[in-house]
Chemist: 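First the structure, then my questions, so here it is.
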Amino acid sequence: MEYESDERELKAAGAVALGGGRLGFLIRGWEIETRKRSILTSSLVQEWEEKLKTSHLPEMVFGESTLVLKHVSSGIKIHFNAFDALCGWKQEALPPVEVPAAAKWKFRCNPTDQVILDYDYTFTTPYCGAATVENNPESGGDPEKSSCNPRWENCQEQINIAALAAKEPILFYDEVILYEDELADNGVSLLTVKVRVMASGWFLLLRFWLRVDGVLMRLRDTRMHCTFKEGMEPVILREICWREATFKALSSKGYPADSAAYNDPGVISERLPIVTRKTQKLIFT
């Protein structure tokens, strides 16, 4: 979904379109860009499988789709893509979620196939995006800064969600799908990243959403927020929150057992108990 920005509000905020066929804006020293491309071709699927050392990929992988946020003067770059997310899936290698016996047949490519789900077919990933530092000679940045290693440190500060809920005009909004799988009609596995830009700063949500019908729901959210401040190094906070519950556990609390009641993760997220949550700040050394 692309957001139609108000030209007057963009001008008032000093936002300038990136141009050159790029989708996004330069605002308060930040280049914020989304790229949405087609799913991987069969040849690229084979290449990715070789690189990841797997014979399994989600049904739809948008391999060249990305979200990139770059602070021009400091070279700070935060970016999101499907390949890195799948590297996280491969490395974490969670045990496969048990599928009801009556539904296993749906995973067969051929009627005679024996179904052996010996890998994490949900493509659950711990991926939270990547933060790097790139030197931009044209910006007059310090060449030594390009060798800095940004890292996330736990902190007590919190993202002010209430302030973000205020009715501040949105200058730019977009959503990028990184990969999606319908789990052979047994549910959904979906990784997306959304970004919105206001005059006061930017906010993004990277969300992995999993629903294995009749079995399990899993939500892994990464939120990042940066407030625009003149003449200061950016302060970027990140909140990671993982939630999970079985259909059985939800049903015991009086919630619906029908999968059709759980199509929108934003609506049901509060019903899922928190597995882990932490807030971090991006530090440069």
Chemist: Do the side chains of Asp120 and Lys90 get close enough for a salt bridge, i.e. N-O under 4.0 angstrom?
Modeler: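 Salt bridge absent between Asp120 and Lys90.
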Chemist: Kindly say whether Leu282 contributes a backbone atom to a donor-acceptor pair with the side chain of Glu153 at under 3.5 angstrom?
Modeler: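 Such a contact is absent between Glu153 side chain and Leu282 backbone.
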Chemist: Asp258 side chain to Ala261 main-chain N or O, any donor-acceptor pair under 3.5 Å?
Modeler: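 Flag not set: sc Asp258 to bb Ala261 has no pair under 3.5 Å.
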Chemist: Look only at the side chain of Asp84 and the backbone of Asn81, and say whether a donor-acceptor pair between them is shorter than 3.5 Å.
Modeler: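 Not a single qualifying donor-acceptor pair exists.
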Chemist: Look at the side-chain heavy atoms of Ile, Leu, Val, Met, Phe, Trp and Tyr, link any pair under 4.5 Å apart, and say whether Leu171 and Leu23 land in one connected group.
Modeler: yes
Chemist: Side chain of Arg243, backbone of Val275: donor and acceptor closer than 3.5 Å?
Modeler: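 The answer is no, because no donor-acceptor pair under 3.5 Å joins these two groups.
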Chemist: How are the rings of Phe80 and Tyr127 set to each other: parallel, tilted or perpendicular (split at 30° and 60°)?
Modeler: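 Perpendicular.
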Chemist: Should Phe83 and Val193 be regarded as members of a common hydrophobic cluster, given that ILVMFWY residues are connected when their side-chain heavy atoms come within less than 4.5 Å of each other, either directly or indirectly?
Modeler: yes
Chemist: How about Glu244: does its CD atom have over 12 heavy atoms from other parts shown lying under 6.0 Å from it?
Modeler: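 It does: Glu244 CD has more than 12 such atoms within range.
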Chemist: Salt bridge check, Glu134 against Lys70: does any charged N sit closer than 4.0 Å to a carboxylate O?
Modeler: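 Glu134 and Lys70: salt-bridged.
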Chemist: Go through the side-chain N and O atoms of Thr124 and Arg218 and say whether any donor and acceptor fall under 3.5 Å apart.
Modeler: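 Result is yes, a qualifying pair exists.
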Chemist: Can you say whether the rings of Tyr119 and Trp89 are parallel (under 30°), tilted (30 to 60°) or perpendicular (over 60°)?
Modeler: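 Rings of Tyr119 and Trp89: perpendicular, as their planes differ by over 60°.
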Chemist: Verify, without hydrogens or angle tests, whether Tyr121 (side chain) and Val97 (backbone) share a donor-acceptor contact under 3.5 angstrom.
Modeler: yes
Chemist: Measure the spacing between CG of Leu10 and CD1 of Ile27 and express it to the nearest 0.5 Å.
Modeler: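 It is 7.5 Å, given to the nearest 0.5 Å.
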Chemist: Can a donor-acceptor pair be found between the side chains of Asp181 and Ser189 at a distance below 3.5 Å?
Modeler: no
Chemist: Working note: Glu239 + Arg220, criterion salt bridge (charged side-chain N to carboxylate O under 4.0 Å, His left out); need CA distance, chi angles, decisive distance, verdict.
Modeler: CA-CA 11 Å; Glu239 181 194 83; Arg220 291 186 168 186; over 6 Å; no
Chemist: Would you call Glu9 and Lys11 a salt bridge, using N to O less than 4.0 angstrom?
Modeler: no
Chemist: I'd like to know if the side chain of Arg211 reaches the main chain of Tyr262, judged simply by a donor and an acceptor atom lying under 3.5 Å from each other, with no hydrogens or angles considered.
Modeler: yes
Chemist: Report yes or no: do Glu157 and Thr279 form a side-chain donor-acceptor pair below 3.5 Å?
Modeler: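 No, no side-chain donor-acceptor contact under 3.5 Å.
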Chemist: Of the options Asp221, Thr222, Thr192, which is the one that meets Arg207 in a side-chain hydrogen bond (donor to acceptor under 3.5 Å, both in side chains)?
Modeler: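 Single side-chain hydrogen bond (donor to acceptor under 3.5 Å, both in side chains) partner of Arg207 among Asp221, Thr222, Thr192: Asp221.
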Chemist: Can Arg22 and Glu31 be counted as an ion pair, charged N to O under 4.0 angstrom?
Modeler: yes
Chemist: For residues 39-53, which residue pairs qualify under salt bridge (charged side-chain N to carboxylate O under 4.0 Å, His left out), counting only residues two or more places apart or in two chains?
Modeler: Glu47-Lys51
